[in-house]
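Okay, structure first, notes after.
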Amino acid sequence: MDIMMNSSHRKYLPKTWGRVADEGIVFNNMAVSMAQCCPSRVSAVTGKLVHIHNVTSSEPPHGGAKKFVDEEMDREYVPVWMQRQGYRTYVTGKWLNQFGRKLVDRRCPRGWDVFDGMLGDGSFDEWYFKPIFSNNCNGVWSPNGTYHQTDIIRDKALSYIDDAVERDEPFFISLYPTAPHDQGLGKVAVPCARHAGMYRNENLPRTPNWGVRLPANMGMRDNVDMGFSNSKYIPRLESLAGVDEMMDAIVTRLEEQGVLNDTYVIFTSDNGFHLGHHSLSYEKYTPYEEDVRVPFFIRGPGLPKGIMTDYQMTMVDLSATIMQLAGFDLSEKQWYDTLDGVPIPFAALNSTISVSVNSGPPRVFPPSPPHPPAPPTPPAAPKFVWPQRDASGNFIVEPSPPPAYPPPPPAYPPPSPMPSPPAPRRAPSPAVAKAPPPAPRPPLPVLPPPPPPAAGEGWGIARTLKASGHHDGADASGEGAGIDTPIGGDAPLSSFDWAPSWPRPAYRHSPGIELDDAYYEDDGVDDDEVVQAVEAELMRQALTADASFDIEYYEPSDEEISLHLAQVIREMGGQVNPLLHYRTANASQGRMLVERNSTLAGQASSASRDLPAVIRDTIILEGWLDVRMSTYYRKNFKAVRVCAPLYVFGFSKTYMSVTCYKYAVWCIPENRYNALDNLNLNEMYDLGLDPYELNNRLKDTSTNANAARLVNRLDAVLTVMAYCDGPSCRNPWRVLHADGGANSLIEAMSPVFDDFYAARRKFAFTMCDVKYLKENELADADILHALSLQNSTSF
């Protein structure tokens, strides 16, 4: 399931949004480390990155369930750990690829009290209506075309909830429906009969990179056709309607059983998908955003409701988060040495929250025919217009109306092969814790930031990087001539912009309103529009009703701006402290800073209160492709995706308070467009300005000194992540700065480290292969030595 093609949009998953996302946190910046089913799932259950567990494929000999079982990876992984913690464990659906009868006959995977896995042999071509299940490896069962697989998994899940509650035991349930996966090679996804045709009039979003070819020497040349793409896209959407109903049924059953308020519910996917993007016909596997970005929703006790955040996470963080929420002490040496992931720092995210959200009345979906006509395409969101002034010079702030989406088609409950009688309501259990240039590309699209919130919405506040004490030359009133940079010292700001906020903010959303559905066009801001621009920025930085603020601005002549900002804050319910006037040596680099001084309103739950406040800014993407297609076979890549409030090429138009840089090194085998075998190709994208990865910024390093400095840092941290294990995966910057001098990209960009990074050898491949071998790579010897010594970073 993807992010970039909208299959996880509220329009197509209304119940999942209503029952999970709106009642918890939406992570907009979740990216898997390898966009392939089995490697990604193994990372989720082991907490290890792909280069550590070395399941690099979905099929033997380099991957699949057979490799997992043969190497006994199921001796130590999440379900085993959850059992030791006292949880009853259940699993059903597509557990791992190629789990078949031969493995069933040998032994069941460890760690599950109820293992109800779906077999991968004999049902791949018809797994929606003829799936084959094996309950605790005692024979096999198939509905033989009677019931849809998603409905079967739904009903099994409901029976697991009933069983665990009846036993009065805490429980851990993993569900793996195959939707929206194609049903076999050359086929498409198959929806439940009641959903067939409900999206027949939908079309694949034609993003700017659709049909735009990659450089020829990469050997990735597919012929793409929008008709073909739609023939894949529409069944995928329709198959997800059953998953949406499944999520609704699960939350409803938890509620009926009285355990919903003690249970964490997580919704995510193992990889994304592309359909003609970058002129790649259809599949996954690559490090591009369509393939690695997936949805991630979580709700549960002690977590805030109605929150979206740009905080970056990856699949190994899921297992660490589950364990933290289940009561494990991850500071213990066993977990310190074992886990590559960082548990989600809910406490740090929660510190940006100060008001509750009115979720509105419960959603009611009236009955309709089982094959309703497809809903009309929603109207285009109106262009955002800067706030206007009235006759007195005051700003007129009007809320934007929500998108007028029609109500989604309803679902009729299908017949169930495993009927479960309604369970009696019972009290919650306190124990439950739950190299040739590329072909011409279209002009780079300008994606503006999210619009100001509508009336009734609140936004979170990010903690400002505020200089401490007086500025250089400042008097007691704060008047002065210098400004401290976030890395310390009194140097003027560089020619790139430091961001005003850290950690990344979370922002609130209201059910039914998609903040990224309304954009304004960036027509430039001249001197006469400064006040309006700053006001929009202020609104964007999440004013909340009980927050107090210090307003800093750099030009004493900007009194008008200050007065209007104060007025806006008061109108939105904030308190205005005395304004402090600062100037910078380079006033054109000044930006509005807003800092919340109020204390955290409300406490995190006991499960999340003690979560370590580690902010992950770096994840790795990696792949060794053995899929026997000319487009992908023997291609290798390693890449880092680093998100930070550091803007080398301009402020982000995609994310609220950060931009994300993706730096990749490819190994390309000989192909019809490339006579050289084992060719190394490098890419770097600023995803905040270029979310469709059309503008390789490596070309800018010869003219932009900061771009060259950035590449040096990204390549060095790529080397660390390529060989990291445990602590070094969680904080790779500590390997490069063992003295603690830098723990993030923004700190590592200090000019004092320029010589160190410039001297590092660049990461490279010596041979492309279908499997992972360290000897096929070259890396900086000093970094490798530092990795071998690194054993001091804590969570």
| task | Could you tell me whether Arg167 and Asp113 make a salt bridge, using a distance below 4.0 angstrom between a side-chain N and a carboxylate O? | result | no
| request: To the nearest 0.5 Å, tell me how far Ser43 OG sits from His51 NE2. | output: 9.5 Å
| said: One pair to check against salt bridge (Lys or Arg N to Asp or Glu O under 4.0 Å): Arg84 and Glu76. What are the steps and the verdict? | reply: CA-CA 11 Å; Arg84 293 173 185 165; Glu76 294 291 335; 2.7 Å; yes
| field | Heavy-atom donor-acceptor pair, Trp17 side chain to Ser8 backbone, under 3.5 Å | value | yes
| field | ring-ring contact (aromatic ring centres under 6.0 Å, His included) between Trp335 and Phe328, intermediate numbers included | value | CA-CA 9 Å; Trp335 312 120; Phe328 289 82; 5.5 Å; yes
| Taking every non-hydrogen atom, the tightest pair across Val20 and Arg299 | O-CB, 3.7 Å
| query | What distance separates Ser159 OG from Glu166 CD, expressed to the nearest 0.5 Å? | reply | 13.0 Å
| Test applied, side-chain hydrogen bond (donor to acceptor under 3.5 Å, both in side chains); reference residue, Arg641; option that passes from Asn29, Thr314, Thr618, Asp617 | Asn29
| query | Can you name the closest pair of heavy atoms from Lys67 and Asn54 and give their distance? | reply | NZ-O, 2.6 Å
| How are the rings of Phe172 and Trp112 set relative to one another: parallel (under 30°), tilted (30 to 60°) or perpendicular (over 60°)? | parallel
| request: Is it possible for you to check whether Lys156 lies under 6.0 Å from the centre of the six-membered ring of Tyr90, through NZ or CZ, and within 45° of that ring's axis? | output: no
| field | Distance (rounded to the nearest 0.5 Å) between Ser652 OG and Leu687 CG | value | 9.0 Å
| request: Would you confirm whether Thr92, through its side chain, and Asp116, through its main-chain N or O, come within 3.5 Å as a donor-acceptor pair? | output: yes
| remark: Rounded to the nearest 0.5 angstrom, the CG-CG distance for Leu96 and Asp74 is 9.5 Å
| request: For residues Val50 and Ser33, report the shortest heavy-atom separation together with the two atoms involved. | output: CG2-OG, 3.9 Å
| request: Keeping the roles fixed (side chain from Asp244, backbone from Lys15), state whether a donor-acceptor pair exists under 3.5 Å. | output: yes
| Is Thr89 reaching over with its side chain to a backbone N or O of Gly111, donor-acceptor style, under 3.5 angstrom? | yes
| query | Do Asp162 and Gln257 get their side chains close enough for a donor-acceptor pair, meaning under 3.5 Å? | reply | yes
| task | State, to 0.1 Å, how close Ala320 and Val342 come at their nearest heavy-atom pair, and which atoms those are. | result | CB-C, 4.0 Å
| Do the numbers put Arg730 on top of the ring of Tyr336, so that NZ or CZ is under 6.0 Å from the six-membered ring centre and no more than 45° off the axis? | yes
| query | Does Asp340 pair with Lys48 as a salt bridge, N-O distance under 4.0 Å? | reply | yes
| Minimum heavy-atom distance Pro39-Met34, with the two atoms named | CB-SD, 3.7 Å
| task | Please work out whether the ring planes of Tyr311 and Phe27 are parallel, tilted or perpendicular, with thresholds of 30° and 60°. | result | perpendicular
| remark: Correct closest heavy-atom pair for Glu622 and Trp624 would be OE1-CH2, 3.5 Å
| Do Arg41 and Asn97 have side-chain atoms, one donor and one acceptor, less than 3.5 Å apart? | no
